[in-house]
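The figures that follow rest on heavy atoms only: side chains count, while hydrogens, waters and symmetry mates do not. Residue numbering restarts at 1 for every chain, and letters A, B, ... go by the order of the sequence lines.
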Number of protein chains: 2
Amino acid sequence: MSFPLAQHDHGACIRAALDAAEAECRRQGARLTLIRRRVLELVWSSHQPVGAYALLESLAREGWSAAPPTVYRALDFLLRHGLVHRIALLNAFVGCTHPGQPHAGAFLLCKVCGAAAELDDAPVVKAIAEAAAGLGFSVSRQTIEVEGVCPGCRDKDPAP
Amino acid sequence: MSFPLAQHDHGACIRAALDAAEAECRRQGARLTLIRRRVLELVWSSHQPVGAYALLESLAREGWSAAPPTVYRALDFLLRHGLVHRIALLNAFVGCTHPGQPHAGAFLLCKVCGAAAELDDAPVVKAIAEAAAGLGFSVSRQTIEVEGVCPGCRDKDPAP
DNA sequence: GTCCGGACTGTTATATTATAACATATCGAC
DNA sequence: GTCGATATGTTATAATATAACAGTCCGGAC
Ligand SMILES: [Zn+2]
Ligand SMILES: [Zn+2]
Ligand SMILES: [Zn+2]
Ligand SMILES: [Zn+2]
């Protein structure tokens, strides 16, 4: 649960994510088809949220016969099964770092490098739940997206 | 700081919002021109977030010569001066209930009636700030949007 | 007063994101 | 093997947002 370092074995991130996805789909009785798997892999190609049309271009370059619904359907599947999150602020998608474990999904988004880090959202969710309960509002879903500068970029580019 | 009741003097909401906007613009040395004022009034025509193209249609019906940039510029002005908020989940805009007072903007969005209520976000902002600080992330802006069912709709339609 | 520069608005075109609708294919249970 | 459900292919279009440039207004300098 930390910001991805500039240097790390990202291949391991991807492999771990795909393995976790396979396991999670098995557990849920869902079919991680070839294209869904490939879209997930593309979403994981970095730690930056990726737009649907960027995914579409990648698929096209690889020779898939791909139109927008191809990608949106795959993303919809991945969202429904908790394998990716949608970042509303960016209209983009990012891999979930802990599928299977129920959580709301809260993100730190670096304005400099574009990286997204999934936050441990328990305390935030609790604060929101309390505030909402005070107004008699029953919560079903939360969107928590925080823009700022990640530690790596802050060190590189000290405030002028 | 509560959910808008189904029955209330909404004309008073609108008047209060426009008065507050006049005052805030004077304070900031900004010009609340006719079209900006009218867009703000339209945003406030309900407590539900309104899309840019819905505003555009309203303006057109009233005889304004309006194209998308007309509305987006007005909205941009209102956002920059803290008079409206953008709801990323809905691609829509809602009036700010306390312009001039610095706050992040956190919203409860009722899935049934569509109403939005601005939450007192201090505890939530604090929880996020602490979580972010723990990762060395410096926060500049937060998006907090909570979907659920408001008290009014919950009472009307008890869970089946 | 008038000239200037910045801020505002009008207008056309286009980019970006997302979905509707319907045809075809594939899978797995029986 | 047949059938129904699920998944994919394909075309078209909806919904949201911005780029670019021309014209206009407005307040202050002179
Ligand atoms: Zn990685
Ligand atoms: Zn997650
Ligand atoms: Zn009201
Ligand atoms: Zn506000």
Whole-Å distance separating the [atom1] atom of [X] from the [atom2] atom of [N]:
{"X": "B:Arg80", "N": "C:dA7", "atom1": "CZ", "atom2": "P", "answer": "10 Å"}
{"X": "A:Leu56", "N": "C:dA18", "atom1": "CG", "atom2": "C1'", "answer": "12 Å"}
{"X": "B:Leu34", "N": "D:dT24", "atom1": "CG", "atom2": "P", "answer": "19 Å"}
{"X": "B:Arg37", "N": "C:dT9", "atom1": "CZ", "atom2": "P", "answer": "14 Å"}
{"X": "A:Leu32", "N": "C:dC27", "atom1": "CG", "atom2": "P", "answer": "15 Å"}
{"X": "A:Asp76", "N": "D:dT8", "atom1": "CG", "atom2": "C1'", "answer": "14 Å"}
{"X": "B:Arg36", "N": "C:dG10", "atom1": "CZ", "atom2": "C1'", "answer": "14 Å"}
{"X": "A:Leu55", "N": "C:dT17", "atom1": "CG", "atom2": "C1'", "answer": "13 Å"}

Exercise. Listed by chain and number, what are the ring pair (Phe, Tyr, Trp, His ring centres under 6.0 Å) partners of B:Phe93, not counting sequence neighbours?
Worked result: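 If we apply the ring pair (Phe, Tyr, Trp, His ring centres under 6.0 Å) test to B:Phe93, skipping adjacent residues, there are no hits.
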For this session: Taking ring pair (Phe, Tyr, Trp, His ring centres under 6.0 Å) as the test, write out the residues that go with A:His81, two or more places apart.
Result: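 With neighbours one apart ignored, the set is A:Phe77.
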Exercise. Any side-chain N or O of A:Thr33 under 4.0 Å from OP1/OP2 of D:dT8?
Worked result: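 For A:Thr33, the contact criterion (side-chain N or O under 4.0 Å from OP1 or OP2 of D:dT8) is met.
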Problem set entry | Heavy-atom protein contacts under 4.0 Å, nucleotides 11-22 of chain D, coded B base, S sugar-phosphate only, - none | B----BBBBBB-
Exercise. Want to settle it: does B:Arg31 or B:Ala66 sit nearer the 5' end of DNA chain C, counting the closest nucleotide to each?
Worked result: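 It is B:Arg31, whose closest nucleotide lies nearer the 5' terminus.
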For this session: Starting from A:Leu90, walk the hydrophobic network (Ile, Leu, Val, Met, Phe, Trp, Tyr; side-chain heavy atoms closer than 4.5 Å) and list everyone else you reach, by chain and number.
Result: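 A:Ile87, A:Leu89, A:Val94, A:Phe107, A:Leu109, all in the cluster of A:Leu90.
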Exercise. Looking at residues at least two apart in the chain, or sitting in another chain, which of them share a side-chain hydrogen bond (donor to acceptor under 3.5 Å, both in side chains) with B:Ser138?
Worked result: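 If we apply the side-chain hydrogen bond (donor to acceptor under 3.5 Å, both in side chains) test to B:Ser138, skipping adjacent residues, there are no hits.
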For this session: Could you tell me which residues satisfy side-chain hydrogen bond (donor to acceptor under 3.5 Å, both in side chains) with B:Arg36, sequence neighbours excluded, listed by chain and number?
Result: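 B:Arg36: no side-chain hydrogen bond (donor to acceptor under 3.5 Å, both in side chains) contacts found.
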For this session: Could you tell me whether the side chain of B:Glu62 reaches within less than 4.5 Å of the side chain of B:Leu42, counting heavy atoms only?
Result: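 A side-chain contact under 4.5 Å exists here.
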